[in-house]
Asker: 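Structure provided below as structure tokens; questions to follow.
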Protein chains: 2
Amino acid sequence: MDKKIATIQDVAARAGVSTATVSRTLSKPSVVAKATREAVLAAVDRTGYRVNATASNLRRQRTGSVIALIPNLANPFFSQILAGINSVLHPVGYGLLIADTQAGPNPEDRLSAYLQSSMADGLILFDGTLSAEALKNPGRPPVVLACEWMDDDLPSVRTENARGAALAVGHLFDMGHRRIGHITGPQGNVLSETRLAGYRDALAERGVSTPPDWVFDGDFSMDSGAAAAQKWLQLETRPTALFCASDEMAVGFMGVVQHRGIRVPEDVSLVGFDNIEVVGHLSPALTTIRQRRTQIGEQAARLLLDMIEAGTLTGPSQIVEVELICRDSVARVPA
Amino acid sequence: MDKKIATIQDVAARAGVSTATVSRTLSKPSVVAKATREAVLAAVDRTGYRVNATASNLRRQRTGSVIALIPNLANPFFSQILAGINSVLHPVGYGLLIADTQAGPNPEDRLSAYLQSSMADGLILFDGTLSAEALKNPGRPPVVLACEWMDDDLPSVRTENARGAALAVGHLFDMGHRRIGHITGPQGNVLSETRLAGYRDALAERGVSTPPDWVFDGDFSMDSGAAAAQKWLQLETRPTALFCASDEMAVGFMGVVQHRGIRVPEDVSLVGFDNIEVVGHLSPALTTIRQRRTQIGEQAARLLLDMIEAGTLTGPSQIVEVELICRDSVARVPA
DNA sequence: GAAAATGTTGTAAACGATTGCGGATTTTGC
DNA sequence: GCAAAATCCGCAATCGTTTACAACATTTTC
């Protein structure tokens, strides 16, 4: 059939009009007369023409895609966010390119490269630790930060981290717990620090004080949750409840303590953060703070599109709500 | 500083050469004289020039990206594969576009759209149920199937599904189990069917027969594993062991039976499939069949690149090895 | 020392679309 | 019935590269 892929010229010839008219029929149908429009559409149909995105993008001085820069692609936390991003990008004709910042040697250089590469009309950045010089360059494409954020005034979409921590700790307190520990995220990460601060504030507010060795260093990974469990086991007086800065760490923690025969929640209560899918299927199902990942992705994409459209480098940061999901990993402590 | 983004013209002017020479310096440095080369590179440096990918792609009749078509982006199973794909694509200058096939209304049309969209030089398809007419079109870009495969002779990269099933069932048999059930993947899916067949063959080979209600319909999701558990609970004579066609279903199953106070593996043994990260942290840690997801991604990407390079629509299908990972979810049955 | 081979660079034509401008043609207003 | 306005469409330039071809200079070969 189609020996070659049809170009706009072929369509124009077939419909007996100029390429300009074909182009207009496809992009602004209202300006072309009904009869011609139909002729053109018929020709498009018969030739199986699809506009060549590359040529179109070149002429329109854009790329038609945005890049999501993710610290670690293998982390399932991001997949749902990507789905959210894609769901808004695709309908308006943008493609989603993905790249992991931590895969290569020096992440900052790679960010710079992406910023200048003219490969995308905008970026969504999931790694707040990156702060390339290139972000200062006024000629760069728009960037929005998702989840994390930076001191600079880059627009961002993030969740109510402090409130999430407060909800978690408050819930434990309300259930009678007074010995409440915490497993942190990686040092230097804004998420970790905000959640840690939220934990401290919530305790202080209620007049509860805790020894320093009840906060365990983690890095959001299951392994680090497991490591925290080892430390917890060695404590002479253990906290009766833990607020974990990520669900994954809660899973890691629960895995090792259960393996030791310790019961959750009877012997230790746990609250996670994120509400990743698996934690609802554990036994016990994990009580956690829900982050609406799809919504984060959607809002970040929408914000970025607006910025691209408006040709601006700034925009309104957005906060998405968290929610406490009560399941079975928290026990009431008898007074 | 840089008021406008520099073009190849700017560089040429600055270096006092033609644009052709600049282009050559950047792509085939060997053909330009050392002195000119250095002058050009210096000019590139001073102007901060980066080649405009869109223009380059247009001229070279390519797009510089490949699309990964994934049934469900929110499924963490794929993220590691994507990481693998990206790790081979990125170094050679290809971008990775992602799209989910099941997001919109009619997946087949969307596949066709992607095939014709001239948005990518090739596709990696993770959904073997799609069989668009467009695949017949000789003008389409190369496609490789990953994980799944089709009756057509599309090249594919997949794991040893049958052998995986055989390993799982064999292990259960060796541990003394004779009442072995199965939770299947979605109907009509090649993976489901191959694993189911592998399960049946392994049993037949050992002269074990099982009633039909010991194979439970699932769809790879945790929820379906949980549903299978409900059915299993209602059986009057229950299998003492289950081979689950996915880890996620094993997790779902384990969640509900443990919730009912049934012990794994003392009361029921489980073997999963995939070795997703979380199952190593459960209590008990899940015995499973490992699929090398990163490797699948890498090989699929490499295969596709070769096909793009060679301009062919076919290529050598590849099988990647599986491995039995013994953990704590299988108990020995006393003779 | 002429002819041939080799090496280096520039000229200019693509690649396939979009769009400002202006010329026809039709409609509207009076 | 005629000028003005509106509508529709084509011409041709343009986006930023790459690359066939030709031109010229320099060596090599015999």
Side-chain angles (χ1 to χ4, degrees), chain A residues 2 4-41 43-44 47-65 93 95 116-121 139 141 311, chain B residues 2 4-41 43-44 47-65 93 116-121 139 141:
Chain A
D2 315 322
K4 280 292 151 216
I5 180 116
T7 76
I8 200 173
Q9 321 273 356
D10 302 331
V11 180
R14 182 141 202 165
V17 299
S18 74
T19 61
T21 303
V22 177
S23 176
R24 279 191 282 256
T25 318
L26 266 23
S27 52
K28 284 191 302 176
S30 64
V31 304
V32 2
K34 185 146 175 278
T36 8
R37 197 192 315 151
E38 283 167 356
V40 170
L41 291 180
V44 166
T47 53
Y49 169 74
R50 327 267 316 195
V51 5
N52 179 314
T54 311
S56 170
N57 288 334
L58 172 60
R59 175 58 226 246
R60 292 160 62 196
Q61 298 281 73
R62 55 163 235 166
T63 70
S65 45
Q116 309 199 345
S117 68
S118 78
M119 284 180 48
D121 300 325
Chain B
D2 315 324
K4 280 292 152 216
I5 179 118
T7 77
I8 201 175
Q9 320 274 358
D10 302 331
V11 180
R14 181 139 203 166
V17 299
S18 75
T19 62
T21 301
V22 177
S23 178
R24 278 191 283 255
T25 321
L26 265 25
S27 53
K28 285 191 302 178
S30 63
V31 304
V32 3
K34 184 145 176 277
T36 10
R37 198 192 317 151
E38 283 167 356
V40 169
L41 291 180
V44 166
T47 54
Y49 170 73
R50 327 269 314 197
V51 8
N52 179 314
T54 311
S56 170
N57 288 334
L58 173 59
R59 173 59 224 245
R60 292 160 61 197
Q61 297 282 72
R62 56 161 236 166
T63 69
S65 46
Q116 310 197 346
S117 68
S118 76
M119 284 180 47
D121 300 324

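Both backbone and side-chain heavy atoms feed into the values below; hydrogens, waters and symmetry mates do not. Here the structure is a predicted model, which is why all the values come from computation and not from measurement. Convention: sequence-line order gives letters A, B, ...; per-chain numbering from 1.
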Asker: Taking CZ from B:Arg62 and P from D:dT17, how many angstroms apart are they, rounded to a whole number?
Answerer: 14 Å

Asker: I'd like to know if A:Arg24 reaches the base of D:dG10 with its side chain such that a donor and an acceptor end up less than 3.5 angstrom apart.
Answerer: yes

Asker: Does A:Arg59 get its side chain close enough to the base of D:dG16, under 3.5 Å, for a donor-acceptor pair?
Answerer: no

Asker: Would you say the side chains of B:Thr63 and B:Asp121 form a donor-acceptor pair under 3.5 Å?
Answerer: yes

Asker: Base, sugar-phosphate or nothing for B:Ser23? Non-hydrogen atoms, less than 4.0 Å.
Answerer: base

Asker: Closest approach of B:Thr54 and A:Arg62, non-hydrogen atoms and distance?
Answerer: OG1-O, 4.0 Å

Asker: What is the separation between atom CD1 on A:Ile5 and atom P on C:dC15, rounded to the nearest whole Å?
Answerer: 14 Å

Asker: Without decimals, in angstroms, what is the distance between A:Met119 CE and D:dT17 C1'?
Answerer: 16 Å

Asker: Quickly work out the B:Leu58 CG to D:dG16 P distance and round it to whole Å.
Answerer: 12 Å

Asker: Does a side-chain N or O of B:Tyr49 approach OP1 or OP2 of D:dG16 to a distance below 4.0 Å, or not?
Answerer: no

Asker: Which whole-number value in Å describes the distance from A:Gln61 CD to C:dA17 C1'?
Answerer: 13 Å

Asker: How long is the line joining CG of A:Leu26 and C1' of C:dT19, in whole Å?
Answerer: 15 Å

Asker: From D:dC8, D:dT17, C:dA17, pick the nucleotide closest to the side chain of B:Asn52?
Answerer: D:dT17

Asker: Send over the distance from A:Asn57 CG to C:dT18 P, rounded to a whole Å.
Answerer: 9 Å

Asker: What are the two closest non-hydrogen atoms of A:Leu26 and A:Tyr49, and how far apart are they?
Answerer: CD2-CE2, 3.6 Å

Asker: How far does the helix from C:dG1-D:dC30 to C:dC30-D:dG1 bend, going by the axes of its first and last five pairs, to the nearest 10°?
Answerer: 30°

Asker: Hey, does the side chain of A:Thr21 come within less than 4.0 Å of D:dG10's phosphate (OP1/OP2), counting only N and O?
Answerer: yes

Asker: At a heavy-atom distance below 4.0 Å, what parts of residues 6-20 of chain B sit against DNA chain C?
Answerer: B:Gly16, B:Val17, B:Ser18, B:Ala20

Asker: May I ask you to evaluate whether A:Thr36 reaches the phosphate of D:dC8, defined as a side-chain N or O under 4.0 Å from OP1 or OP2?
Answerer: no

